[in-house]
Amino acid sequence: MMFERAILHIDGDSFFASCEVAKNPSLKGKPVITGRERGIVSAMTYEAKAKGIKRGMILSEVRRICPDAIILPSDYETYSIFSKRMYAIVRRYTDIVEEYSIDECFAGIEGPNGREVATSIKQTLERELGMTFSIGLSATKVLAKIGSKWKKPDGLTVIALKDAPLYLDKTPVEKIWGIGPATSLLLNSRGVRTALEFSLKNDAWVRGLLAKPYVEIWKELNGEVVNELDVDGRQTYKSIAKTKTFTPPSHDPAFVYSQLSKNVENACIKLRRWHLEAREAHIFLKTQSFAYHDAKISLPHPTSAPQEILSAISKSFPRIFQRGVRYRATGISLMNLIDSQLPKQLNLFNEYSSGDDIKAVYESMDALSSRYGKHAVFLCSSFSAMNHKNPQDGYGATSERTTNIFKGESGRKRLGIPMLGEV
DNA sequence: TCTGGGGTCCTAGGACCC
DNA sequence: TCTGGGGTCCTAGGACCC
């Protein structure tokens with residue numbers, strides 16, 4: 001029909017909430033919400049949406065407007081299983097699959113009967129996963145994205161190039177994938193409000209106003225493939241970040257430091273899970289008024305041990321921490337990551353860098369955590385953060401969860417042992 | 001959208017060199 | 001030491017995504 005190769009965009013409808021319903025079919029037809037651990041709505045079923053519940057809404061507000069709402073904590077392990085099943089089903093139809101995110105993928109469809117293939121994929125996904133998907137089929141990723149958003153939930157929209165103007169005319173520029181608030185404002189200021197108006201501008205106009213990514217979007221709106229599918233989904237990270245907001249904000253350096261320390265521990269857990277080591281760290285403190293105090297630290301050698309990172313951080317922390325300022329969050333981003341399983345470089349003195357012993361300690365700590373729950377063992381410097389009960393967690397005053405120390409995040413009772421050390 | 005958390009890519013401009 | 005021209009590399013920050 002219209003393309004020799006079409007691109008399919010598949011998007012799980014209310015994915016997290018749908019996974020919960022698929023996991024527990026008795027929830028079907030009910031207003032189900034995920035995000036309990038954060039205290040705000042993360043995902044919701046269409047039944048919940050119909051009651052006026054919105055993403056980001058505070059849970060107390062949810063209970064007020066919808067007392068029968070079922071509010072569940074996020075269960076990423078389950079979502080990830082459904083995600084993998086989704087990819088696997090799509091791969092029965094084509095090898096050209098890009099795993100774009102936990103609830104979305106792109107697929108390349110060869111041949112003339114794209115619509116039939118898309119229909120069949122959709123039916124199979126729904127039958128085998130017990131949830132609906134919205135699908136767009138067109139010549140480029142940007143157009144396929146417009147297609148999958150066109151009818152939600154449970155939609156299938158094929159955008160042939162000759163019909164594209166009909167769809168683009170009804171799409172405001174800010175709804176185009178890759179065009180955010182800043183660029184929308186810029187385009188609007190030049191009188192461009194719809195995707196159609198944008199697509200009709202000439203090459204010189206677009207290049208004169210916008211940077212490369214937007215020139216590419218403009219081409220894709222016109223049916224020219226610029227973004228090929230990234231099928232070789234060897235997932236790895238260029239950076240790993242952990243950040244956490246706490247309430248109420250604090251001006252106590254020891255408490256703020258413990259929050260940072262906990263974030264460092266969490267970032268390092270993820271680092272080790274992916275067999276990575278960091279050469280560089282970026283820390284920040286977010287003030288009550290949303291200003292950032294930050295520092296960049298280069299690590300003496302690649303590491304995934306929180307002590308080593310913390311000992312580097314502890315020198316910068318007093319410099320960026322300002323007395324009397326209240327902070328609401330801390331964060332760390334680890335960058336310049338290398339594969340820890342690669343052979344080690346010798347240093348100038350032809351010795352392996354220190355840190356190999358500490359590695360053994362962390363293998364044991366990770367083993368303990370997998371047996372007894374996350375943070376079964378943790379650094380002393382994280383102690384007050386581990387103890388801290390965060391009201392935003394959405395647990396009531398009579399919370400069953402008193403502290404992380406005596407009750408694991410799994411809910412099992414246990415005794416955590418703070419690991420005593422230098423930091 | 002009264003602002004949570006985790007990522008990636010691009011570019012302007014500074015530092016530095018010849 | 002008021003002063004041309006050209007190139008590369010790196011970093012900070014902007015913008016965007018889910």
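Residue numbers begin at 1 in each chain, while the letters A, B, ... track the order of the sequences.
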**Message:** Could you check whether any side-chain heavy atom of K141(A) comes within less than 4.5 Å of a side-chain heavy atom of L229(A), counting everything from C-beta outward?
**Reply:** yes
E265(A) side chain to S382(A) side chain, donor-acceptor N/O pair below 3.5 angstrom: yes
Problem set entry | Residue-phosphate contact under 4.0 Å: T245(A) side-chain N/O, dG5(B) OP1/OP2 | yes
Pairs under 3.5 Å (Watson-Crick or G-U), crossing ones as [ ], inter-strand ones as |: DNA chain B comes out as ....||||||||||||||
message = Check this one for me: any side-chain N or O of K296(A) less than 4.0 Å away from OP1 or OP2 of dA12(C)?
response = yes
| request: Check whether any side-chain N or O of K54(A) sits under 4.0 Å from OP1 or OP2 of dT1(B), and answer yes or no. | output: no
Testing dG6(B), dT8(B), dC18(C) for proximity to the side chain of K238(A), the answer is dT8(B)
Judged by nearest nucleotide, the residue sitting upstream toward the 5' end of DNA chain B, K242(A) or P181(A), is P181(A)
Student check: side-chain heavy atoms of I146(A) and L221(A) closer than 4.5 Å: yes
Can a side-chain donor-acceptor contact be found between S333(A) and H282(A) if the only test is distance below 3.5 angstrom? no
Nearest-nucleotide check on DNA chain B, Y237(A) vs S289(A); residue mapping nearer the 5' end is S289(A)
For F16(A) and Y79(A), take the angle between the two ring planes, folded into 0 to 90°, and tell me which bin it lands in: parallel under 30, tilted 30 to 60, perpendicular over 60. parallel
